[in-house]
**Q** 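Pasting in a structure now, in structure tokens, and then I'll have a few things to ask.
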Amino acid sequence: MKCKLSLNVLIGSIAASAISAVAVTSPAQALIWTFDNVRFQDNGTATGSFDFDGISTYSAVNVNVTGSKYGGSTVNFTEANITLATLSGFTAQKGGNTFAFSALSALSNNAGVTLPLNLGLTSYGTGLLNSSFLATGSVISSPTQPVPFDLSPNQLVALAVPLFFGMRMLKKKVATKQGLPTSGTLIS
């Protein structure tokens, strides 16, 4: 009975170690959101994409905005330029240039979704009086490449120790059942 209880405790600790190692390293599945046919009232455009995890994190932001409010030049915005982030969009600022977008509803965590952009909250420019608002456009979601699990050395140890001792206990149990000597038994 004692051996069976020890084996159950060991199996439980191995399972708990494996689950905690995976839970700590399992990333939220972010989606790639791509700007589609985004055109402003002054015929400026926004192209590019960003990743959003459906909860709070924008990453891999690469948005190019071109138009008369920027003197005809293109300004590239990245996640480092984000000054305000919400579930439906973000505002980015770079060198006095601003780009803000908002979808009509919260960005979901479902691939293949097309969300129209909010006409009154999507704009670009160099200030409130020098801004151009959205004429048309949307964002489309698609899945990102899955991120492989990455175990830290501490997590590997947490998995290896119970496995090592579990194998030793299992080996002793099998040897005892078969009547073979174990490491603590003298052979005469």
Side-chain angles (χ1 to χ4, degrees), residues 18-156 158:
I19 289 169
S20 68
V22 169
V24 170
T25 58
S26 178
Q29 180 65 39
L31 293 178
I32 299 171
W33 289 87
T34 304
F35 288 100
D36 182 49
N37 195 30
V38 176
R39 191 176 46 78
F40 297 96
Q41 292 170 343
D42 70 342
N43 288 320
T45 60
T47 59
S49 63
F50 57 90
D51 292 359
F52 183 62
D53 68 0
I55 301 168
S56 64
T57 304
Y58 289 89
S59 59
V61 175
N62 184 16
V63 180
N64 291 306
V65 181
T66 305
S68 65
K69 303 300 180 188
Y70 294 158
S73 24
T74 299
V75 178
N76 176 260
F77 294 95
T78 66
E79 61 265 21
N81 306 125
I82 294 176
T83 57
L84 174 68
T86 67
L87 291 176
S88 61
F90 62 80
T91 299
Q93 292 183 330
K94 183 176 185 178
N97 299 313
T98 302
F99 169 68
F101 94 92
S102 178
L104 285 177
S105 63
L107 300 173
S108 71
N109 214 14
N110 298 319
V113 173
T114 299
L115 293 176
L117 296 179
N118 191 322
L119 294 175
L121 296 177
T122 302
S123 64
Y124 87 100
T126 57
L128 189 58
L129 297 177
N130 188 31
S131 292
S132 183
F133 288 91
L134 182 73
T136 183
S138 59
V139 286
I140 300 172
S141 65
S142 59
T144 58
Q145 293 296 322
V147 178
F149 290 111
D150 185 19
L151 297 177
S152 72
N154 291 340
Q155 291 166 327
L156 288 174

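Side chains are part of it too, since the values below use all heavy atoms of this structure and drop only hydrogens, waters and symmetry mates.
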**Q** Any sub-3.5 Å donor-acceptor pair from Gln93's side-chain atoms to Thr98's backbone N or O?
**A** no
**Q** If I compare all heavy atoms of Phe35 with all of Ala46, which pair ends up nearest, and what's the gap?
**A**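 Reported closest heavy-atom pair: CB-O, 3.9 Å.
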**Q** I'd like to know if the side chain of Thr122 reaches the main chain of Ser102, judged simply by a donor and an acceptor atom lying under 3.5 Å from each other, with no hydrogens or angles considered.
**A** yes
**Q** What pairs with Asp42 under side-chain hydrogen bond (donor to acceptor under 3.5 Å, both in side chains), at least two apart in sequence or on another chain?
**A**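 With sequence neighbours excluded, Asp42 shows a side-chain hydrogen bond (donor to acceptor under 3.5 Å, both in side chains) to Ser68, Tyr124, Ser132, given in chain and number order.
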**Q** Please tell me if the side chains of Ile82 and Leu84 come closer than 4.5 Å, counting only heavy atoms from C-beta onward.
**A**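 A side-chain contact is absent here, since even the closest heavy-atom pair is not under 4.5 Å.
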**Q** Just to verify, what does Ser142 make a side chain to side chain contact (heavy atoms under 4.5 Å, CB included) with, not counting sequence neighbours?
**A**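 Counting only residues at least two positions away or on another chain, Ser142 forms a side chain to side chain contact (heavy atoms under 4.5 Å, CB included) with Ile32.
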**Q** Restricting to side chain to side chain contact (heavy atoms under 4.5 Å, CB included), what partner residues turn up for Ala92, sequence neighbours left out?
**A** Phe77, Asn81, Phe90
**Q** Could you pull out the closest heavy-atom pair between Val65 and Phe99, with the gap in Å?
**A** CG2-CD1, 3.6 Å
**Q** Considering non-hydrogen atoms only, spot the tightest contact between Thr126 and Tyr70 and give its length.
**A** CG2-CD2, 4.3 Å
**Q** Determine the minimum heavy-atom distance between Ser105 and Leu115, stating which atoms define it.
**A**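 The answer is OG-CD2, 3.4 Å.
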**Q** What residues form a side chain to side chain contact (heavy atoms under 4.5 Å, CB included) with Thr47, not counting sequence neighbours?
**A**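 Residues passing side chain to side chain contact (heavy atoms under 4.5 Å, CB included) with Thr47: Asn64.
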**Q** So, does Lys94 use its side chain to make a donor-acceptor pair with the main chain of Asn76 at under 3.5 Å?
**A** yes
**Q** By side-chain hydrogen bond (donor to acceptor under 3.5 Å, both in side chains), which residues pair with Thr57, not counting sequence neighbours?
**A** Asp53
**Q** Less than 4.5 Å apart, side chain to side chain, heavy atoms only: is that true for Val139 and Thr114?
**A** no
**Q** What residues form a side-chain hydrogen bond (donor to acceptor under 3.5 Å, both in side chains) with Thr66, not counting sequence neighbours?
**A** Thr74
**Q** Would you call the rings of Phe101 and Phe50 parallel, tilted or perpendicular, where under 30° means parallel and over 60° means perpendicular?
**A** tilted
**Q** Check side chain to side chain contact (heavy atoms under 4.5 Å, CB included) between Leu104 and all other residues, then give those that pass, not counting sequence neighbours.
**A** Pro116, Asn118
**Q** Grab the two heavy atoms, one from Ser138 and one from Val38, that are nearest each other, plus how far apart they are.
**A** O-CG2, 3.9 Å
**Q** Out of the candidates Asp36, Asn37, Val113, only one should pair with Ile140 under the side-chain contact (heavy atoms from CB on, under 4.5 Å) rule; please name it.
**A**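 The single option meeting the side-chain contact (heavy atoms from CB on, under 4.5 Å) with Ile140 is Asp36.
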**Q** Roughly how far apart are Leu134 CG and Arg39 CZ, rounded to 0.5 Å?
**A** 8.5 Å
**Q** Return the minimal non-hydrogen interatomic distance between Leu31 and Ser141, and the atom names on each side.
**A**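 In terms of heavy atoms, the two residues are closest at CD1-CB, 4.0 Å.
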**Q** Counting C-beta onward and ignoring hydrogens, is there a side-chain heavy-atom pair between Leu107 and Tyr58 closer than 4.5 Å?
**A** yes
**Q** Name all residues meeting the side-chain hydrogen bond (donor to acceptor under 3.5 Å, both in side chains) criterion together with Thr45; count only those two or more places apart in sequence or in a different chain, and write none if there are none.
**A** none
